[in-house]
**Student:** 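My questions all concern the structure below.
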2 protein chains.
Amino acid sequence: MFKDLDPLLHSQLRLGIMSILMAVEHADFTYLKEKTNATAGNVSVQIDKLEKAGYIKVAKSFRDKRPLTTCKISKTGIAAFEKYVNHLKTYINK
Amino acid sequence: MFKDLDPLLHSQLRLGIMSILMAVEHADFTYLKEKTNATAGNVSVQIDKLEKAGYIKVAKSFRDKRPLTTCKISKTGIAAFEKYVNHLKTYINK
DNA sequence: TAAATTTGGTTTATATTGTAAACTTGTTTA
DNA sequence: TAAACAAGTTTACAATATAAACCAAATTTA
């Protein structure tokens, strides 16, 4: 009846990050932080988890002498997100 | 951009219970336990939380000499569920 | 009829999380 | 050059989900 919801995506902040990354080509740390209204520490931790799961790719560089963390969703991440959304529908079905 | 997701509903099991209660007039403990594939302890705890939040009404009686716990969603619960679903849409928007 | 099993739960313990506060490293500004 | 700021990371804590253990009453079995 109810499909299991991927615990990695069933988290407000991680879902928000993934939702943004589904819509844009890539996003940097500060952008994600602002759009989600989350604290930096929280964003940092959740980006790590998503990266470790292979849902996103993270690249670190410098822009204007300052660190720049750029995130991009992976194929695995897209698949996981779509699966999660489908599973959600078994709960909210309409 | 992203709306907050009611933490009480953003839980796989509680969402499953509420989803069932949105669809039926009322449901008893064993039915909820079976449909959600959860353990009795887990169902018991989550029913308590939903009741304390005023999202469901719980009635205890006896059927065939055995305890019977019956749950029914409240108006507050219906409103909360609908709000949750709308907020979810800001994440999965499509 | 005493013991074992089943039913319908509740309570308790634990392991996992989510989260923010505190910290770090480097840069800009006053 | 001290203070403030930027961009994160690490750490600590509180909250949560979950299942194991437990309980009481009824039923079945030996």
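All of these numbers come straight from a predicted model, not from anything done at the bench. Below, chains carry the letters A, B, ... as their sequence lines are ordered, and counting in each starts from 1.
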**Student:** Does B:Ala40 or A:Thr39 map to a spot on DNA chain C nearer the 5' end, using the closest nucleotide for each?
**Tutor:** B:Ala40
**Student:** Could you tell me how far apart A:Leu32 (CG) and D:dA6 (C1') are, to the nearest whole angstrom?
**Tutor:**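 Interatomic distance, CG of A:Leu32 to C1' of D:dA6: 16 Å.
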**Student:** Would you mind reporting whether A:Leu68 and A:Lys60 have side-chain heavy atoms less than 4.5 Å apart?
**Tutor:**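 No. Closest side-chain heavy atoms not under 4.5 Å.
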**Student:** Provide a list of protein-nucleic acid N or O atom pairs under 3.5 angstrom, restricted to nucleotides 26-30 of chain C.
**Tutor:**
unit_1: C:dG26; atom_1: N2; unit_2: A:Arg66; atom_2: NH1; d: 3.4

**Student:** Within this structure, what is the CG-to-P distance between B:Asn37 and D:dT18, rounded to whole angstrom?
**Tutor:**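 One finds 13 Å between P of D:dT18 and CG of B:Asn37, rounded.
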**Student:** Looking at side-chain heavy atoms only, is the closest gap between B:Leu32 and B:Cys71 below 4.5 Å?
**Tutor:**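 Yes, close enough: below the 4.5 Å cut-off.
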**Student:** Strictly below 4.0 Å, heavy-atom distances to any atom of DNA chain C: list the hits from residues 41-51 of chain A, or just say none.
**Tutor:** A:Gly41, A:Asn42, A:Val45, A:Gln46, A:Lys49
**Student:** Calculate the interatomic distance between B:Asp28 atom CG and C:dG9 atom P; express it in whole Å.
**Tutor:**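 Answer to the nearest Å: 7 Å.
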**Student:** For A:Lys3, give me all partners under salt bridge (charged side-chain N to carboxylate O under 4.0 Å, His left out), at least two apart in sequence or on another chain.
**Tutor:** none
**Student:** Can you say whether the rings of B:Tyr91 and B:Phe2 are parallel (under 30°), tilted (30 to 60°) or perpendicular (over 60°)?
**Tutor:**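 Rings of B:Tyr91 and B:Phe2: parallel, as their planes differ by under 30°.
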**Student:** Can you figure out which of C:dG8, D:dG8, D:dA17 approaches the side chain of B:Arg14 most closely?
**Tutor:**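 Out of C:dG8, D:dG8, D:dA17, the nucleotide with an atom closest to B:Arg14's side chain is D:dA17.
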**Student:** So A:His10 and B:His10, would you call those rings parallel, tilted or perpendicular, with 30° and 60° as cut-offs?
**Tutor:** parallel
